[in-house]
There are 2 protein chains.
Amino acid sequence: MISRSQPIELTERAQHLLKVLIERYIEEGQPVGSRTLARNAGLNLSPATVRNVIADLEEMGLVTSPHTSAGRVPTVKGYRLFIDSLLSVKPLEQALTQKLWEDFNAQEDPQELLKTASRLLSSLTHMVGVVTLPKRQQLAFRHIEFLPLSQGQVLVILVTEDREVHNRIIRPSRPFTSAQLQQAANYLNVHLKGKRLTELRMALFDELQQTGEQISAEIKSVLEMAKSVLEFGPEEDFVLTGRTNLMDFSELADHERLRSLFEAFEEKRNLLHLLDQCIEAEGVQIFIGEESGYQPLEQCSLVTRSYAVENRAFGVLGVIGPTRMHYESVIPLVDVTAKLLSHALNQKLMPPS
Amino acid sequence: MISRSQPIELTERAQHLLKVLIERYIEEGQPVGSRTLARNAGLNLSPATVRNVIADLEEMGLVTSPHTSAGRVPTVKGYRLFIDSLLSVKPLEQALTQKLWEDFNAQEDPQELLKTASRLLSSLTHMVGVVTLPKRQQLAFRHIEFLPLSQGQVLVILVTEDREVHNRIIRPSRPFTSAQLQQAANYLNVHLKGKRLTELRMALFDELQQTGEQISAEIKSVLEMAKSVLEFGPEEDFVLTGRTNLMDFSELADHERLRSLFEAFEEKRNLLHLLDQCIEAEGVQIFIGEESGYQPLEQCSLVTRSYAVENRAFGVLGVIGPTRMHYESVIPLVDVTAKLLSHALNQKLMPPS
DNA sequence: GTTTGGCACTCAAATAGGAAGAGTGCTAAC
DNA sequence: GTTAGCACTCTTCCTATTTGAGTGCCAAAC
């Protein structure tokens, strides 16, 4: 978890100047000088006075200057303080919330819902939208189907509570007839319904241990098959939208940086790991620049929030963009999108029936 | 289809010089001047003579010069002539072919096979590998399953001959009980097995028309449901690997160009359309630069070949890279990869059984 | 008539030298 | 504590100027 910046003793005025400086920098993208800051702060201070204050802020590591004759730019530490204590997030416009809600309701398929969420995030922020797929292991069992293929192979089709269809080809240790497979599926469909896949694995394991002799060899081998099905590899995934948006930001224009960023997107693994860390967090979670500890994201910030069905965290959604982003509006957007997605999923998956 | 360049009357010598020029340019990436060319052609000609010949080639539109004091660079027309008549493709190394074959055989899942193909293409060429998924419509029916959801919705799971599992949520016009759905699936599984999806749509349509009164209302509505299932949207797809490789090429380093290229990759639609054009072509198909007619690929070439199962073209695979690519080795690689993939798919999907 | 050396010419890329402008830090005065 | 003043430091933007690669053309050589 990200440690909140420990309270720094800053005069009211210094805080205000830092806030204005960061806001201005986020808006313009240029280092902010004392003259501009003095004009914008509305405090009737001369540039010279502002310089004194800013010099203190620099000493504290909240701002730096790219070179002697440039203005100041916030550091990660500065952004952190800004976000934690200076930022005034305004709630999302009602009309926009409404629009989001309608977009979500236009989708039937839960998978489409996730894509829509990602698309919305990227198009509204002009940055990258990301939504992780629900972790299979956390999902509840809904239906299973065995389809015999040639050479003793079996195509297993597993439907989880989120209506997602997973499939995999396995090679059971002993051959089954088509009828046997059918029977096995029926058996499992009755007995496993509604259980979570993780629990299921445990349960099957126990059952195989304990009732070793009491149950028929056939059932035993079916259970073994079922168990092998649940051992999914780590093929979890996420939806990423608007990658190319990042090419518009001058701070990421460097070829090497951009390249490593795009490679990170293709690689998925590390990024997914990072996102997984956010799943248990309450509310909006933010990694600023190097805070993520992931080198390709060095110049980027990640704003996330988990989405949930029936209060179980299903996955994470968020926005990736340059450190210099409009947190003021991104944070509420991510917040609301996650809430609406959760709500929509709840409606689709847990209908009043 | 790409029109082969009509035979141009070129002296032996001019052809040879063009060939050397292009080879050299592909190798070095720098415009080739008369001095270098004279040295490399092995013809014992003076630069001045070479200049005369090259001037002719320029007049014919086979080469241009970026500016007065630079050497010459091949044009699309030049590349075309080079590939069609000057290029001597050497067969792939035996060892490499062997390695490819082993990589393919390590995969069970057909879908993984396609990914592997794409990965191999991109990693061996340091460019982008692309493999289209088999066109659903062309595939044969294997199995169908109806799973009742809430609110009268039905999750349809369709397995095609390539063992791919397609799913979709539909809302039938009349409600079905669980047992009815089971029965319907059984019926369809028996009657539709092995038929192609396109044919199937036609057949179902006909059946619904003709035997309007003879069949029971229930069967009729099942058929209607089946038909609606087959009306897949145009969600065809492809696997793309190694996008970031393109960032290494100086000729694509321009930000705008790169951006539009990556957008094209995200958009998929137009690129897919282009790839579809290649599916019926015999052997390796090449689009050089603007030949593709797709603006983002202006500076790129596309080398493709279709892959097939039982002599039915299933999909297309290929490589996307800068126009200035090493055709000499890319062409045989794409050729062999397609053949091996076809072969591997045949083995997996059409086992001797 | 093909080939070649010679030569003037063109243009991109690299280098160097200011000049302008923004912003700082420090000091001394208010 | 605040401010004006000023010297100083850098970046950015011009503008020559040079260098070098390569061309095109012509007249001579083969």
Side-chain angles (χ1 to χ4, degrees), chain A residues 9-18 20-25 27-75 78 250-251 253-254, chain B residues 9-18 20-25 27-75 78 250-251 253-254:
Chain A
E9 348 56 49
L10 272 185
T11 64
E12 193 76 19
R13 193 173 66 179
Q15 287 191 24
H16 181 249
L17 282 175
L18 178 61
V20 174
L21 186 151
I22 296 184
E23 279 170 353
R24 176 89 191 184
Y25 177 69
E27 211 62 53
E28 308 280 336
Q30 299 294 327
V32 185
S34 54
R35 176 190 296 268
T36 343
L37 195 48
R39 262 205 290 273
N40 279 274
L43 289 181
N44 245 1
L45 290 178
S46 76
T49 316
V50 170
R51 280 206 284 279
N52 289 328
V53 180
I54 295 298
D56 294 345
L57 294 179
E58 181 156 37
E59 212 160 295
M60 286 185 255
L62 296 168
V63 295
T64 33
S65 104
H67 58 263
T68 18
S69 78
R72 298 310 208 294
V73 161
T75 61
S250 54
E251 51 261 66
D254 175 54
Chain B
E9 345 59 48
L10 271 184
T11 65
E12 195 76 19
R13 194 174 65 179
Q15 287 190 22
H16 180 248
L17 283 176
L18 179 61
V20 174
L21 186 149
I22 296 184
E23 280 169 353
R24 175 90 191 182
Y25 177 68
E27 211 61 54
E28 307 280 337
Q30 299 294 327
V32 184
S34 54
R35 177 190 295 268
T36 341
L37 195 49
R39 261 205 291 274
N40 280 273
L43 289 181
N44 245 1
L45 289 178
S46 77
T49 318
V50 170
R51 280 205 284 279
N52 290 328
V53 181
I54 295 298
D56 293 347
L57 294 178
E58 180 156 39
E59 212 159 294
M60 285 185 256
L62 297 168
V63 295
T64 32
S65 103
H67 57 264
T68 16
S69 76
R72 298 309 207 296
V73 161
T75 62
S250 54
E251 51 261 67
D254 176 54

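Lettering follows sequence order; numbering is per chain, from 1.
- Computed from coordinates, the B:L57 CG to D:dG24 C1' distance equals 16 Å when rounded to whole Å.
- C:dG25 atom C1' lies 15 Å from atom NE2 of A:H67, rounded to whole Å.
- Between B:V73 and B:V63, every side-chain heavy-atom pair lies at or beyond the 4.5 Å cut-off.
- When the side-chain nitrogen and oxygen atoms of A:R35 are compared with OP1 and OP2 of D:dT3, none of them lie within a distance under 4.0 Å.
- Judged by closest nucleotide on DNA chain C, B:R51 is the one of B:S69 and B:R51 placed further toward the 5' end.
- Each of B:V50 and A:S65 lies near DNA chain C, and the nucleotide nearest B:V50 is the one positioned closer to the 5' end.
- Listed candidates were D:dT3, C:dG23, C:dT4. Nearest to the side chain of A:T36 is C:dG23.
- One interatomic measurement links the two molecules: CD of A:E59 to C1' of C:dG25, which rounds to 13 Å at whole-angstrom precision.
- Scanning atom types as modelled, no donor and acceptor separated by under 3.5 angstrom connect the side chain of B:T68 and the base of C:dC11.
- OP1 and OP2 of C:dT2 both lie 4.0 Å or more from every side-chain N or O belonging to B:T49.
- Rounded to an integer number of Å, the gap from CZ of B:R72 to P of D:dG22 is 11 Å.
- Rounded to an integer number of Å, the gap from CG of A:L37 to P of D:dT3 is 13 Å.
- Atom P of nucleotide D:dG22 and atom CG of B:L21 are separated by 12 Å, given to the nearest angstrom.
- In this structure, CG of A:N40 is placed 12 Å from P of C:dG23, rounded to the nearest angstrom.
- Side-chain contact between B:P74 and B:L21 is present, with at least one heavy-atom pair separated by less than 4.5 Å.
- For the residue pair B:A14 and B:L57, the shortest heavy atom distance occurs at O-CD1, 4.2 Å.
- B:E58 comes within 4.0 angstrom of the backbone, heavy atoms only, and of no base.
- To the nearest angstrom, P of D:dG22 lies 14 Å from OH of B:Y25.
- Residues A:L10 and A:M60 have side chains in contact (heavy-atom distance under 4.5 Å, counting atoms from C-beta outward).
- For the side chain to side chain donor-acceptor pair (under 3.5 Å) test with B:S34, the passing option among B:R51, B:R72, B:R39 is B:R51; the others fail.
- In this structure, B:A70 reaches the sugar-phosphate backbone alone: every heavy-atom distance under 4.0 Å involves primed, P, OP1 or OP2 atoms, never a base.
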